[in-house]
There are 2 protein chains.
Amino acid sequence: MADSSKTARRNNTDPESTRREILQAALEVLAKDGPESLSVTEVARRAGVNRGTAYQHFPTREDLAHATATWVSERIYEEFYGDFEEVSERNKIYPADLALERLSDFAMNNPELSRAWLFDVMATQGAVTDPFWNRYVKELREFVQQGNGRKDIDIEVYAFITLASALLWPIWAGAHARDTRARNRMRQRFVDEMMRLVLFGALVPERHSALVERFREMPEPVEAE
Amino acid sequence: MADSSKTARRNNTDPESTRREILQAALEVLAKDGPESLSVTEVARRAGVNRGTAYQHFPTREDLAHATATWVSERIYEEFYGDFEEVSERNKIYPADLALERLSDFAMNNPELSRAWLFDVMATQGAVTDPFWNRYVKELREFVQQGNGRKDIDIEVYAFITLASALLWPIWAGAHARDTRARNRMRQRFVDEMMRLVLFGALVPERHSALVERFREMPEPVEAE
DNA sequence: AAAGTAGTATACATCATTGTTGACTACATA
DNA sequence: TATGTAGTCAACAATGATGTATACTACTTT
């Protein structure tokens with residue numbers, strides 16, 4: 001109650017850190033409500049920063065929105081593929097279960113990034129230019145070419161299925177699982193089921209002989225457009 | 001330029017139809033921007049209805065939002081399971097590929113409902129009470145119990161994977177595919193790959209013997225909490 | 001010591017949205 | 001013909017967001 005230094009409580013030498021704080025806050029509201037309801041006022045409030053400061057860094061609401069989107073894209077790439085070379089080196093080949101595990105871990109530990117990314121996908125209708133997505137497809141393609149995956153896979157679709165469900169799962173599962181233990185169990189359930197699915201499929205072949213017949217002769221898919 | 005009947009151009013005897021038109025418009029904006037940016041003004045404009053009329057049907061913005069959410073839920077259930085009994089009857093058992101095909105068709109033909117549903121999932125963090133979801137899980141469970149699906153499946157997770165990717169796919173694929181032919185091809189790609197996946201998996205077993213070993217001895221999953 | 005930089009505080013005009021109210025109209029039914 | 005219903009139209013106060021601008025402060029560098 002004593003001091004009241006009236007104005008300018010906080011001064012920062014490092015504008016970059018302020019920028020990051022704003023972007024982080026923007027990410028949070030983006031993850032909460034989607035890109036359309038991202039407001040500068042709200043972001044500034046949440047970042048503990050004056051609204052004017054936010055406008056100094058990002059001239060308009062749109063600028064902030066775009067900057068946040070690319071920031072999300074960069075961060076998700078960095079978080080996921082930042083140490084890829086080392087891990088890959090250590091394991092000679094990046095094993096399938098590890099990839100899936102990493103993906104699930106990432107999604108569980110970064111629900112905000114996942115949500116933001118998904119919102120973006122839903123908004124831009126296909127984030128084909130997204131570096132994360134491109135890298136993910138590329139790695140998968142090499143994995144298959146090296147003989148680890150079935151040749152008749154439609155890589156893009158398969159990549160989409162694994163990525164979309166892995167990123168969306170923690171959001172969905174978040175409802176049931178409050179504490180850490182429950183969340184870990186949910187994560188494990190997903191990894192196990194996904195692993196089981198990519199190893200053995202889901203159907204009992206004898207019961208679907210016609211389908212097995214039809215899909216066994218399927219040619220390798222044509223992806224290019 | 002001639003006539004100007006000044007006021008009350010349109011009068012409707014059937015309030016239910018107006019209500020539906022408002023809900024339909026609400027669904028459209030909901031699918032576009034997410035639930036947080038649903039505005040009564042915008043909805044009324046889009047429905048070609050006076051704002052006051054919208055307020056007559058839905059006292060507050062929140063009421064409209066909730067009504068829209070449950071309407072989406074009902075419509076998606078109706079669209080998908082409305083004729084389930086007949087189809088099921090005709091085919092004796094509801095075949096796996098037909099189910100997947102129907103799901104994909106639905107998602108392709110109702111991108112707005114899909115988007116709205118997904119937004120809802122992302123907003124409410126787990127639409128466990130959703131009748132569509134519950135029915136989907138129930139049918140899947142029976143399908144497995146009748147010996148058509150592998151016993152070690154974690155039904156809920158599996159249901160989630162198929163449902164989430166099937167509903168999200170058209171949104172994702174919508175970017176690439178403008179015309180009907182391209183969209184149909186995208187739909188077919190998804191169905192084929194998903195079918196292939198549930199039939200045979202994605203990995204080459206010989207290359208992942210350790211994993212095969214580990215997951216072959218996996219007990220049936222415990223789902224109950 | 002002076003000048004520049006990063007951020008605060010505040011005010012302002014503009015605009016959109018919410019929710020409410022009151023007057024009016026077209027239609028159907030009793 | 002009278003009454004109720006469904007909807008239009010217009011106005012209004014309150015709120016909150018966008019952008020802009022100006023004066024002020026603390027800190028750093030020259």
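Sequence lines set the chain letters: A, B, ... in the order given, protein chains first and strands last, and positions in each chain run from 1.
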**Study point:** Donor-acceptor under 3.5 Å (B:Ser165 side chain, B:Ile161 main chain)
**Key:**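 Between the backbone of B:Ile161 and the side chain of B:Ser165 there is a qualifying donor-acceptor contact (under 3.5 Å).
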Point to revise | Main-chain N/O of A:Ala69 paired with A:Ser73 side-chain donor or acceptor, under 3.5 Å | key: no
Point to revise | B:Glu142-B:Gln146 side chain donor-acceptor pair, cut-off 3.5 Å | key: no
Within the 4.0 Å heavy-atom criterion, would you say [X] contacts the bases, only the backbone, or no part of the nucleic acid?
{"X": "A:Arg51", "value": "base"}
{"X": "B:Glu42", "value": "nothing"}
{"X": "A:Thr53", "value": "base"}

Review point. On DNA chain C, nearest-nucleotide positions of B:Tyr55 versus B:Gly52: which is more 5'?
Key: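 Whichever sits nearer the 5' end wins; that is B:Tyr55.
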Exercise for review: Look at the side-chain N and O atoms of B:Arg61 and state whether any lies under 4.0 Å from the OP1 or OP2 oxygen of C:dA16.
Suggested key: no
Review point. Can you check whether B:His57 has a side-chain N or O nearer than 4.0 Å to OP1 or OP2 of D:dG7?
Key: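 Yes, because at least one side-chain N or O of B:His57 sits under 4.0 Å from OP1 or OP2 of D:dG7.
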If you only use heavy atoms from C-beta on, which nucleotide in [options] is closest to the side chain of [X]?
{"X": "B:Ser39", "options": "D:dT18, C:dT17, C:dT8", "answer": "C:dT17"}
{"X": "B:Thr18", "options": "D:dG19, C:dT18, D:dA6", "answer": "D:dA6"}
{"X": "A:Asn50", "options": "C:dT8, D:dA17, C:dT17", "answer": "C:dT8"}

Exercise for review: State which residue, out of B:Leu23, B:Leu38, B:Leu113, fulfils the side chain to side chain contact (heavy atoms under 4.5 Å, CB included) condition with B:Leu30.
Suggested key: B:Leu38
